[in-house]
Amino acid sequence: MQLIECPWCGSREETEFHYGGEAHVLYPEDPESLTDEQWAHFVFFRANPKGLFAERWNHSAGCRRWFNAVRDTATYRFHSVYRLDEQKPTIS
């Protein structure tokens, strides 16, 4: 079982967490002006890289807070975790 580091609770088992998708996706400034195709692209299309990727996670069985993590999608290894109010680390 893998341990995930919650920024508030410390290391916990991965079963306590839920994946929340790609991190740092900005909501459209004027969503009413988007066409159906543009809105569908915003809602359904996300990056899916092999390697380091910034993601949102929720500690659903603990503090219930959201946080971001940089995880390697090929190895599933977490490289860093950070609160939503912290700056995104450099991904190389």
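All values reported here derive from a predicted model rather than from experimental measurement.
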Review point. Where does the angle between the aromatic ring planes of His59 and Phe17 fall among parallel (under 30°), tilted (30 to 60°) and perpendicular (over 60°)?
Key: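 Parallel: the ring planes of His59 and Phe17 meet at under 30°.
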Is there a side-chain contact between [X] and [Y] in this structure, where contact means two heavy atoms from C-beta onward sitting under 4.5 Å apart?
{"X": "Tyr82", "Y": "Lys88", "result": "yes"}
{"X": "Arg71", "Y": "Leu52", "result": "no"}
{"X": "Met1", "Y": "Thr15", "result": "yes"}

Exercise for review: Please indicate whether His18 has more than 12 foreign heavy atoms, meaning atoms of other residues, nucleotides or ligands, lying under 6.0 Å from its NE2.
Suggested key: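 No - once you tally the heavy atoms of other residues, nucleotides and ligands closer than 6.0 Å, there are 12 at most.
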Practice item. Check whether more than 12 heavy atoms from other residues, nucleotides or ligands sit under 6.0 Å from atom CD of Glu13, and answer yes or no. Key: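 At most 12 heavy atoms, drawn from other residues, nucleotides or ligands, come within 6.0 Å of this atom.
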Exercise for review: Verify side chain to side chain contact (heavy atoms under 4.5 Å, CB included) between Asn58 and Arg56, making sure each step is shown before the conclusion.
Suggested key: CA-CA 7 Å; Asn58 179 262; Arg56 292 175 43 109; over 6 Å; no
Check your understanding: Does the side chain of Glu37 pick up a donor-acceptor pair with the side chain of Trp39 at under 3.5 Å?
Key ->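 There is no such pair (donor and acceptor under 3.5 Å, judged by atom type) between the side chains of Glu37 and Trp39.
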Using 0.5 Å steps for rounding, measure from the [atom1] atom of [X] to the [atom2] atom of [Y].
{"X": "Gln87", "Y": "Asn68", "atom1": "CD", "atom2": "CG", "answer": "12.0 Å"}
{"X": "Trp57", "Y": "Glu16", "atom1": "CH2", "atom2": "CD", "answer": "12.5 Å"}
{"X": "Arg46", "Y": "His41", "atom1": "CZ", "atom2": "NE2", "answer": "9.0 Å"}

**Study point:** Trace of the side chain to side chain contact (heavy atoms under 4.5 Å, CB included) decision for Asp72 with His79
**Key:** CA-CA 7 Å; Asp72 189 324; His79 287 262; 3.7 Å; yes
Check your understanding: Does any N or O in the side chain of Arg64 come within less than 3.5 Å of the main-chain N or O of Ala61, such that one atom is a donor and the other an acceptor?
Key ->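 Such a contact is absent between Arg64 side chain and Ala61 backbone.
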Review point. Yes or no on side chain to side chain contact (heavy atoms under 4.5 Å, CB included) for Ile4 and Phe67, after CA distance, side-chain angles and deciding distance?
Key: CA-CA 11 Å; Ile4 298 175; Phe67 63 93; 4.1 Å; yes
Indicate the atoms forming the closest heavy-atom contact of [X] with [Y], along with that distance.
{"X": "Pro7", "Y": "Arg83", "answer": "CB-CG, 3.6 Å"}
{"X": "Glu5", "Y": "Gly10", "answer": "OE2-CA, 3.5 Å"}
{"X": "Phe53", "Y": "Pro49", "answer": "CD1-CG, 3.4 Å"}
{"X": "Val25", "Y": "Glu22", "answer": "CG2-O, 3.7 Å"}

Check your understanding: Hey, mind stepping through Gln2 and Phe78 against side chain to side chain contact (heavy atoms under 4.5 Å, CB included) and telling me if it holds?
Key -> CA-CA 10 Å; Gln2 179 170 232; Phe78 283 77; 3.7 Å; yes
